[in-house]
Q: 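Quick one: the structure is below, and I'll ask about it shortly.
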Amino acid sequence: MMTRRTSLVMGLAAAGVATARAVRAAPGDPMVRTTAGPVIGLKEDGITVFRGLRYGAPTRRFQTPERPRSWTSPIRAVEYGAASPQRGTEPNQSEDCLFLNVWTPGLDAGRRAVMVYIHGGGYSGGSGSSPLYDGKRLARRGDVVAVTLNHRLNLFGYAYLARLAPGLEDTGNLGQLDLILALEWIRDNIAAFGGDPDRVMLFGQSGGGAKIATLMATPRAKGLFHSAATMSGQQVTAQGPINGTLRSVAWLKTLGLTPDRAHEVMDMPVERLLEATATQDPILGFGGLSYAPTLDFRTLSRHPFYPDAAPQGLSIPMIIGNTREETLGFMGDDPANSGLTWETLPARLTPGVMRIDITPEPIIAAYRRMHPDWSPDEVLIAATTAGRSWRGAVIEAEERAKTGAPAWVYQLDFPGTMASGRRGAFHTADIPLVFDNVEAEGSRTRGPGAQQVSDMISDAFIALARSGDPNHPGLPRWGPYELPRRQTMLFDVQPRMADDPRGEQRQFFAAIPYIQPGT
């Protein structure tokens, strides 16, 4: 026999709230009534925190996301929700993963700017639950509302199956549709958390920045955010539908399926589906399957920054940033990339590393001419950064500059420390600086000067969120990126503006056509 309590618990589970246990609010408990139902948070260090807030119903595999079912009794939102299924060590994974987290200075009608972080990990991994993304210090520092979130990744969010099975027409962009649903939730609910739905800023690192660039070209995302900052994350071109289909066919083959049996993936175990993504990418010719948003002419009908900057995004004030030694984060701890000589360097500058169509010899000759004092190790990191990671940022900044749209460009020069002890401004080094979390678990950007740099860069992001302009009294005047000057803020203990930093490297690689790696 079903009791009232059993019915309530089952109803909450069906509604997909972060926990299926209804509770009573104690005196002093922070409680908010969202459009789906009441939620109870907690206080941490003077900041009100809600974790595991559901913005979408439990997902149906390869189907568009839906809003959660409503509930009436308060539920406690104090634990992070599940991350999307993925390979690797990310804890607490589930296909039921549409959760977000909120840090706010207060539940008053403060109309504070809202800073929404989209995590990195390419399109395949990560979550919004890392200690590096804890929003308490950012919320307190800027009197802003900070938000992080989870969404579907890898095959669950980006496998393109529309040409292989009926009923899967929106695959290829489901992860992006999840993000749009989260932004709609923020639009409808954030005022109750003390935020201003008309001042929503997106910021994201690596894959997070790439997702933001894509949203700036996505009609369904129009009006849902009002400023943006990308940190080492670009999306110049999207994946084409033919390449997306070829990747899915390769994935199906690894699963032992022919294309006409694609519908069978609907019922296969998550672990088996993920394991098959390790198959070699048929387009790149190396590595596991690459995922990215798809130019499907349903959700996405043009490339984000090809042949120009998408007009939809031109009215959105934007920061575009990178770190000076990006690829040190991928290659710096690999023993094969240390102690190189001029004789062994060419073998390391492979197509899989450079990701553009060029042989090693002209690269090495150019760098020995530009920087005769550099070692082979320094050339490896500089060339792979300039030819692969940095180029998308340059293209995006140039395309915005051609239109006169606001774009402020930065380069992080302040070094972090790799696990091996090697130092440099590597990929991810700016995350703890932007979040004002230099002492957080996992931060490798700390020590003398780190907090000083963090003060400057986090205040710039806060200023963009609040006013649409990153300038503040702690920085030299940060002018927008214009051609031909290419003004760039160099973030270090002593920040400075520079025109066209690394200009010789930019000019050298501009001779080689650029297609977004993986698309």
Side-chain angles (χ1 to χ4, degrees), residues 30-39 41 43-44 46-51 53-56 67 77 99-119 128 133-149 179-204 208-209 211-212 215-216 218 220-231 312-319 405-406 408 434-436 457-473:
M31 187 171 77
V32 169
R33 293 189 178 277
T34 71
T35 51
V39 293
K43 286 289 190 78
E44 290 182 354
I47 297 297
T48 301
V49 184
F50 296 82
R51 295 187 177 92
L53 292 171
R54 179 178 288 284
Y55 68 85
R67 295 188 177 197
F99 298 98
L100 55 75
N101 316 294
V102 176
W103 292 263
T104 179
L107 301 179
D108 54 81
R111 308 290 286 185
R112 298 171 178 88
V114 183
M115 300 180 67
V116 182
Y117 183 73
I118 301 180
H119 69 77
Y133 314 152
D134 186 288
K136 285 195 295 290
R137 289 176 62 88
L138 193 63
R140 183 185 303 109
R141 180 183 194 94
D143 191 32
V144 298
V145 178
V147 180
T148 67
L149 54 84
L179 293 175
I180 291 169
L181 186 64
L183 291 172
E184 291 173 344
W185 186 97
I186 291 167
R187 177 197 61 198
D188 298 340
N189 290 281
I190 207 63
F193 294 85
D196 185 349
D198 294 322
R199 284 193 298 165
V200 175
M201 170 185 163
L202 299 188
F203 67 119
K211 295 162 194 171
I212 292 168
L215 288 172
M216 294 173 74
T218 305
R220 285 187 57 178
K222 186 175 182 179
L224 293 176
F225 60 101
H226 313 96
S227 58
T230 58
M231 309 152 60
Q312 177 179 316
L314 294 180
S315 62
I316 299 174
M318 186 179 188
I319 289 173
W408 292 270
V434 168
F435 271 95
D436 191 16
I457 195 167
S458 60
D459 282 349
F461 276 55
I462 290 166
L464 183 73
R466 297 177 73 171
S467 70
D469 187 320
N471 281 282
H472 63 83

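Excluded from the calculations below are hydrogen atoms, water molecules and symmetry mates; all remaining heavy atoms, backbone and side chain alike, are included. In what follows, residues are counted from 1 in the order of the sequence shown.
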Q: Before you tell me yes or no, could you show the steps for T48 and W103 under side chain to side chain contact (heavy atoms under 4.5 Å, CB included), namely the whole-Å CA-CA distance, both residues' side-chain angles and the distance that decides it to 0.1 Å?
A: CA-CA 6 Å; T48 301; W103 292 263; over 6 Å; no
Q: Run the side chain to side chain contact (heavy atoms under 4.5 Å, CB included) check on T104 and I47 step by step: do they pass?
A: CA-CA 6 Å; T104 179; I47 297 297; 5.7 Å; no
Q: Show your reasoning for whether side chain to side chain contact (heavy atoms under 4.5 Å, CB included) applies to I316 and M216.
A: CA-CA 8 Å; I316 299 174; M216 294 173 74; 4.1 Å; yes
Q: Please give me the minimum heavy-atom distance between A405 and L314, naming the atom from each residue.
A: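 Heavy-atom minimum between the residues: CB-O, 3.4 Å.
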Q: Quick one about D188 and T35 (side-chain donor to acceptor, distance below 3.5 Å, no hydrogens or angles considered), yes or no?
A: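 No pair is found: no donor N or O on one side chain lies under 3.5 Å from an acceptor on the other.
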Q: Kindly write out the residues that satisfy salt bridge (Lys or Arg N to Asp or Glu O under 4.0 Å) with R141, not counting sequence neighbours, or none if the list is empty.
A: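 R141: salt bridge (Lys or Arg N to Asp or Glu O under 4.0 Å) contacts with D436, D455, D459.
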Q: Output all residues satisfying side-chain contact (heavy atoms from CB on, under 4.5 Å) with A113, sequence neighbours left out; order by chain, then residue number.
A: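 Applying side-chain contact (heavy atoms from CB on, under 4.5 Å) to A113 gives V144, R199, A465, R466.
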Q: What heavy-atom pair brings T148 and Y133 nearest, and what distance separates the two atoms?
A: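 Smallest heavy-atom distance, with atoms named: CG2-O, 3.6 Å.
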Q: Give the minimum heavy-atom separation between M201 and S227, together with the two atoms involved.
A: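 The answer is CB-OG, 3.1 Å.
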Q: Going by heavy atoms in the side chains, are L202 and L183 under 4.5 Å from each other?
A: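 The answer is yes, as the side chains (C-beta and beyond) meet within the 4.5 Å cut-off.
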Q: Are F203 and F435 close enough that their ring centres sit under 6.0 Å apart?
A: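 Yes, the ring centres sit under 6.0 Å apart.
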Q: Are more than 12 heavy atoms from other residues, nucleotides or ligands located less than 6.0 Å from atom CZ of R220?
A: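 Count not over threshold, so no.
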Q: Of all heavy-atom pairs between L149 and H119, which one has the smallest distance, and what is that distance?
A: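 The pair with the smallest heavy-atom distance is O-CD2, 3.6 Å.
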Q: Aromatic contact between W185 and F193, with the criterion being ring centroids under 6.0 Å apart: yes or no?
A: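 Yes, they do, as the ring centres are separated by less than 6.0 Å.
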Q: Indicate yes or no: at least one non-hydrogen side-chain atom of V114 is less than 4.5 angstrom from one of V147.
A: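 Result yes, sub-4.5 Å side-chain heavy-atom pair found.
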Q: If I compare all heavy atoms of S458 with all of L138, which pair ends up nearest, and what's the gap?
A: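 Of all heavy-atom pairs spanning S458 and L138, the closest is CB-CD1, 4.5 Å.
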Q: Could you pull out all residues at least two apart from A221 that satisfy side-chain contact (heavy atoms from CB on, under 4.5 Å)?
A: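 Checked A221 against side-chain contact (heavy atoms from CB on, under 4.5 Å); matches are I180, L215, T218, F225.
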Q: Hey, mind stepping through E44 and R51 against salt bridge (charged side-chain N to carboxylate O under 4.0 Å, His left out) and telling me if it holds?
A: CA-CA 12 Å; E44 290 182 354; R51 295 187 177 92; 3.0 Å; yes
Q: Search all heavy atoms of A139 against all heavy atoms of P105 and return the closest pair with its distance.
A: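 Looking at all heavy atoms of both residues, the shortest contact is O-CG, 3.5 Å.
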Q: Tell me, with the steps shown, if L224 and E184 meet side chain to side chain contact (heavy atoms under 4.5 Å, CB included).
A: CA-CA 7 Å; L224 293 176; E184 291 173 344; 4.0 Å; yes
